[in-house]
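Everything below concerns the one structure shown next.
Predicted, not measured: the structure shown is a model, and the values here were computed from it.
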Amino acid sequence: MNILCIGDVVGSVGCQFLRAHLPALKRAKGIDLVIANGENSADGNGVTPASAEYLLDSGVDVITTGNHSFRRRESYELYDTCETLLRPANYPAAAPGRGLCVVDMGRVRVAVINLMGTVYLESLRCPFETLDALLKTPDLPKLCIVDFHAEATGEKRALGFYADGRVTALFGTHTHVPTADECLLPHHTGYITDAGMTGVVDSVLGVKPEIIIGKLRTKMPARFDLAKGPCKMDCVLFSADERTGLCTSVERMTIL
């Protein structure tokens, strides 16, 4: 079982690059399931019904999100109606949507969990306690992938070890910078601190560099316009044993 996890897709240019390159990658690597973080898939950030539909039509099976989940009000209803569009499960129950879905692929079922960190981000329910509760879900499949959308690398690493042996893989998102620590943890959970970004290469996290430089130098407000130019798709391929639900290999990739 091969599961591809794609780093934060940034804007329409990131969506278009994904659509152009994902089909060939799926064929070349024999990919069975695709998970992509789409919380920045709309231009300006957030996710809209149009950007979500574009990703799903491009071959993405499950869209995860994070701290920009509810930036676009027009997506609120979609979180309730689309089972494969997730928001972090540790948001309050009153928030739209869900943080867990199960994809039935016929021969096998795969659970996808979306969580958000609390270090330097929103003061949400503890992600460790939330994961414990979700893993008690009745009839939860052995194959289970977690997108942990978090700022602090230490928090991501800690949750990885906490989940080790209980989930198939845990990949981090949010920083838009791929880390080089992909590995199998001691009890065979696949792990990477951050999967990276799908968007413009010559940018600051997808935004025009001069805008971010100006903001950091002057401390003045600035509108974050997305950069243009050649793109990349950062992603991680987890291979898993369908019988045990444990990870057998991890491969980090950047598609240019």
Side-chain angles (χ1 to χ4, degrees), residues 3-18 21-22 25 34-47 51 55 60 63-69 71 88 114-122 127 145-161 163 169-183 185 190-217 222 224-238 250-256:
I3 301 168
L4 185 72
C5 300
I6 301 175
D8 298 58
V9 183
V10 181
S12 57
V13 65
C15 290
Q16 291 162 9
F17 189 83
L18 180 148
H21 292 82
L22 182 57
L25 182 61
V34 178
I35 303 165
N37 189 288
E39 72 146 13
N40 289 297
S41 55
D43 287 341
N45 71 26
V47 57
S51 68
L55 289 175
V60 173
I63 301 171
T64 53
T65 56
N67 57 304
H68 294 313
S69 298
R71 187 60 60 94
N114 194 180
L115 293 169
M116 194 164 98
T118 56
V119 178
Y120 310 129
L121 288 173
E122 295 281 351
I145 310 296
V146 179
D147 175 355
F148 189 33
H149 195 83
E151 184 80 47
T153 55
E155 188 181 23
K156 292 180 182 181
R157 292 282 294 179
L159 190 66
F161 280 104
L170 184 147
F171 70 104
T173 56
H174 178 66
T175 68
H176 295 208
V177 178
T179 54
D181 61 344
E182 70 278 4
C183 65
L185 295 175
Y191 175 85
I192 189 167
T193 297
D194 204 287
M197 178 189 79
T198 301
V200 177
V201 174
D202 293 330
S203 69
V204 177
L205 313 186
V207 178
K208 293 177 180 177
E210 60 270 22
I211 294 175
I212 304 300
I213 292 169
K215 180 175 176 59
L216 292 173
R217 289 185 70 242
F224 286 4
D225 290 332
L226 295 180
K228 297 180 180 179
C231 292
K232 63 171 182 172
M233 182 171 72
D234 295 324
C235 48
V236 184
L237 180 63
F238 297 103
V250 185
E251 181 183 0
R252 173 171 48 94
M253 298 178 287
T254 294
I255 311 302
L256 296 169

**Derivation and outcome, side chain to side chain contact (heavy atoms under 4.5 Å, CB included), residues Ile211 and Phe224** = CA-CA 7 Å; Ile211 294 175; Phe224 286 4; 4.0 Å; yes
Is the shortest side-chain heavy-atom distance between [X] and [Y] below 4.5 Å?
{"X": "Ser203", "Y": "Met197", "result": "yes"}
{"X": "Ile3", "Y": "Cys5", "result": "yes"}
{"X": "Ile145", "Y": "Phe171", "result": "yes"}
{"X": "Leu170", "Y": "Leu159", "result": "yes"}
{"X": "Leu55", "Y": "Val47", "result": "no"}
{"X": "Lys232", "Y": "Pro178", "result": "yes"}
{"X": "Lys228", "Y": "Val13", "result": "no"}
{"X": "Leu25", "Y": "Leu4", "result": "yes"}

Might you point out which heavy atoms bring [X] and [Y] nearest each other, and give the distance in Å?
{"X": "Arg157", "Y": "Cys183", "answer": "NH1-SG, 4.5 Å"}
{"X": "Phe148", "Y": "Pro127", "answer": "CE1-CB, 3.8 Å"}
{"X": "Lys215", "Y": "Ala222", "answer": "CB-CB, 4.3 Å"}
{"X": "Gly38", "Y": "Ser41", "answer": "O-OG, 2.7 Å"}
{"X": "Asp43", "Y": "Ser12", "answer": "OD1-N, 2.7 Å"}
{"X": "Lys208", "Y": "Leu226", "answer": "CE-O, 3.6 Å"}

Can you tell me how far apart [atom1] ([X]) and [atom2] ([Y]) are? Round to the nearest 0.5 Å.
{"X": "Leu205", "Y": "Asn40", "atom1": "CG", "atom2": "CG", "answer": "9.5 Å"}
{"X": "Asn114", "Y": "Thr173", "atom1": "CG", "atom2": "OG1", "answer": "7.0 Å"}
{"X": "Glu182", "Y": "Arg252", "atom1": "CD", "atom2": "CZ", "answer": "4.0 Å"}
{"X": "Leu22", "Y": "Thr198", "atom1": "CG", "atom2": "OG1", "answer": "9.5 Å"}
{"X": "Arg217", "Y": "Glu210", "atom1": "CZ", "atom2": "CD", "answer": "13.0 Å"}
{"X": "Met253", "Y": "Asp234", "atom1": "CE", "atom2": "CG", "answer": "10.5 Å"}

**Message:** With a 6.0 Å cut-off (strictly less than), is the heavy-atom count around CG of Asp225, excluding the residue itself, greater than 12?
**Reply:** yes
Please answer whether the main-chain N or O of [Y] pairs with a side-chain N or O of [X] as donor and acceptor at a distance below 3.5 Å.
{"X": "Glu39", "Y": "Gly66", "result": "yes"}
{"X": "Asn37", "Y": "Thr65", "result": "yes"}
{"X": "Asp8", "Y": "Val10", "result": "no"}
{"X": "Lys156", "Y": "Ala150", "result": "yes"}
{"X": "Asp181", "Y": "Thr193", "result": "yes"}

**Message:** If only side-chain N and O atoms count, and only distance matters, is there a donor-acceptor pair under 3.5 Å linking Thr179 with Asp194?
**Reply:**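 Side chains of Asp194 and Thr179: no pair found under 3.5 Å.
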**Request:** Test side chain to side chain contact (heavy atoms under 4.5 Å, CB included) on Phe17 and Val9 and set out the steps.
**Result:** CA-CA 9 Å; Phe17 189 83; Val9 183; over 6 Å; no
**Item:** Thr118 and Tyr120: CA distance, side-chain angles, deciding distance, side-chain hydrogen bond (donor to acceptor under 3.5 Å, both in side chains) verdict
**Value:** CA-CA 6 Å; Thr118 56; Tyr120 310 129; over 6 Å; no
**Request:** Test Ile6 against Val34 for side chain to side chain contact (heavy atoms under 4.5 Å, CB included), laying out the working first.
**Result:** CA-CA 8 Å; Ile6 301 175; Val34 178; 3.7 Å; yes
**Message:** Parallel, tilted or perpendicular: which one describes the rings of His174 and His149, with boundaries at 30° and 60°?
**Reply:**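 Perpendicular: the ring planes of His174 and His149 meet at over 60°.
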